[in-house]
Student: 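Pasting a structure here, questions to come.
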Amino acid sequence: MPSLQFVKIMGNVKFFSHSLKLPVGWQAPSGKDGSKQYGDALKPDEKMAVPQLIPPWFMPAEPTKYFQDSADKIGKEFKSFHDDMLDAIGFAHNMWKLQAKFSSIQIMGPSVLGQPGCLQGPELESLIKNAPMCAAYMGNKAKYRDAVAAGVSKCFKDWQDKVMIPGLPLYPAFAMFPGPMAPPMPNVPVPLIACPSAMMSRMADPTQMANEMKSALDGGIKKDDKDKHHEALFDALSTVVSLAFIIWLPAQQMMTVMGKGQIPTFAPPFVPAGPVMAGDNLPIPGHLMA
């Protein structure tokens with residue numbers, strides 16, 4: 001069962017590329033006396049430090065032990081949230097796959113037409129929020145979680161609602177079937193990427209997903225975040241999710257779509273077989289389970 005495969009290290013590197021420093025707005029004491037007192041306050045082994053979190057998420061404003069410790073501690077918290085949210089998105093996506101289904105398709109002989117909206121499934125937002133990895137979050141952490149869930153869910157829903165089936169030959173046996181009606185039969189498995197969506201960019205473009213997360217975040221948090229840490233975090237998450245989606249789409253097989261339909265030209269013994277006309281399918285969840 002192919003699932004979203006997250007390259008988490010890419011999110012680490014993407015966040016670090018924003019070159020964020022802690023503490024925010026730090027300026028070393030100036031002047032002869034201030035600089036001397038600041039330098040004398042630190043022991044020799046405190047004036048240099050090595051990052052303990054590799055790759056680092058934040059850089060210290062100065063490479064002193066206390067600033068580096070702070071950057072490592074806060075960086076680990078951001079990394080933990082980043083990894084937990086990716087796991088929660090993967091969990092929600094797996095739950096979506098179990099319930100996803102194609103419906104209202106039109107079968108004409110071996111070919112299948114599906115209008116935009118033929119792929120149906122639950123929205124991801126509540127599934128992400130209630131994932132075991134992050135369901136217990138509280139306070140600002142929960143607000144960040146909710147923003148990520150809303151942003152991913154909105155983009156995924158936009159993609160899903162425009163998925164169509166462009167006349168794919170999913171039922172070769174229906175080109176000439178020997179009977180008055182073709183019973184439910186599974187389709188020929190095809191990669192899901194063969195079903196295009198006009199809103200593919202909503203999932204493939206990390207910028208759009210990051211903007212949706214930003215829009216869903218509590219306004220008070222955005223106002224207080226002077227150095228835009230939330231933008232770097234959303235950029236990192238959306239980059240990893242978009243790449244995982246692009247990898248998943250061609251790997252996911254569309255199968256067990258049970259098609260059926262009547263053969264109006266069937267008239268034995270003169271016409272012992274004919275094509276399925278105006279057929280449809282059984283809209284039962286599980287078409288993307290494999």
Student: Please tabulate, for side-chain N and O atoms in residues 134-147, each donor-acceptor pair with protein atoms closer than 3.5 Å (sequence neighbours left out).
Tutor:
residue	atom	partner	partner atom	Å
Tyr137	OH	Asp84	OD2	2.7
Arg145	NH1	Cys134	O	2.9
Arg145	NH1	Ala135	O	3.4

Student: Once side-chain contact (heavy atoms from CB on, under 4.5 Å) is applied, do any residues pair with Asp72, and if so which ones, sequence neighbours excluded?
Tutor: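 In terms of side-chain contact (heavy atoms from CB on, under 4.5 Å), with neighbours along the sequence ignored, Asp72 is linked to Pro51, Gln52, Leu53, Gln68.
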
Student: Rounded to the nearest 0.5 Å, what's the gap from CG on Asp235 to CE on Met213? Could you check?
Tutor: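 With rounding to 0.5 Å, CG (Asp235) is 9.5 Å from CE (Met213).
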
Student: Check whether any side-chain N or O of Asn281 sits under 3.5 Å from a backbone N or O of Phe102 as a donor-acceptor pair, and report yes or no.
Tutor: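 Confirmed, Asn281 side chain pairs with Phe102 backbone.
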
Student: Of all heavy-atom pairs between Pro166 and Cys195, which one has the smallest distance, and what is that distance?
Tutor: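 Distance-wise, the nearest heavy atoms are CD-CA, 4.4 Å.
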
Student: Should we say atom CD of Glu77 is surrounded by more than 12 heavy atoms from elsewhere, each under 6.0 Å from it?
Tutor: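 For Glu77, atom CD is crowded (more than 12 foreign heavy atoms under 6.0 Å).
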
Student: Tell me, which pairs form a ring pair (Phe, Tyr, Trp, His ring centres under 6.0 Å) where one or both residues lie in residues 246-287, sequence neighbours left out?
Tutor: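 Those involving residues 246-287 are His93-Trp248, Phe245-Trp248.
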
Student: To check you understand the geometry: which heavy-atom pair defines the closest contact between Ser242 and Met209, and what is its length?
Tutor: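 Shortest heavy-atom separation between Ser242 and Met209 comes out as OG-CE, 3.9 Å.
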
Student: Where do Pro23 and Ala61 come nearest, in terms of heavy atoms and distance?
Tutor: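 Pro23 and Ala61 have their closest heavy atoms at CD-CB, 4.0 Å.
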
Student: Strictly by modelled atom types, are Gln160 and Trp96 linked by a side-chain donor-acceptor pair under 3.5 Å?
Tutor: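 Yes, because at least one side-chain N or O of Gln160 sits under 3.5 Å from a partner of the opposite role on Trp96.
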
Student: According to ring pair (Phe, Tyr, Trp, His ring centres under 6.0 Å), who are the partners of Phe58, at least two apart in sequence or on a separate chain?
Tutor: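 With neighbours one apart ignored, the set is Phe15, Phe78, His229.
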
Student: Using the salt bridge (charged side-chain N to carboxylate O under 4.0 Å, His left out) rule, collect all pairs that involve residues 148-173, keeping only residues at least two apart or in two chains.
Tutor: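 Only Lys154-Asp158, Lys157-Asp161, Asp158-Arg202 qualify under salt bridge (charged side-chain N to carboxylate O under 4.0 Å, His left out).
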
Student: Any side-chain heavy atom of Met185 sitting closer than 4.5 Å to one from Met258?
Tutor: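 No, every pair of side-chain atoms sits at 4.5 Å or beyond.
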
Student: Output yes when a side-chain donor or acceptor of Lys79 lies under 3.5 Å from a complementary backbone atom of Asn12, and no otherwise.
Tutor: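 It does not hold such a pair.
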
Student: Write out all pairs satisfying side-chain hydrogen bond (donor to acceptor under 3.5 Å, both in side chains) with one or both partners inside residues 174-185, taking only residues at least two apart or from two chains.
Tutor: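 Sorted result for residues 174-185: empty, none.
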
Student: For a quick test of reading the model, state the closest non-hydrogen atom pair linking Pro172 to Pro169 and the distance between them.
Tutor: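 In this case the closest contact between Pro172 and Pro169 is CD-O, 4.2 Å.
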
Student: Would you find a donor on one side and an acceptor on the other, under 3.5 Å apart, between the side chain of Asp225 and the backbone of Ile221?
Tutor: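 Between the backbone of Ile221 and the side chain of Asp225 there is no qualifying donor-acceptor contact (under 3.5 Å).
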
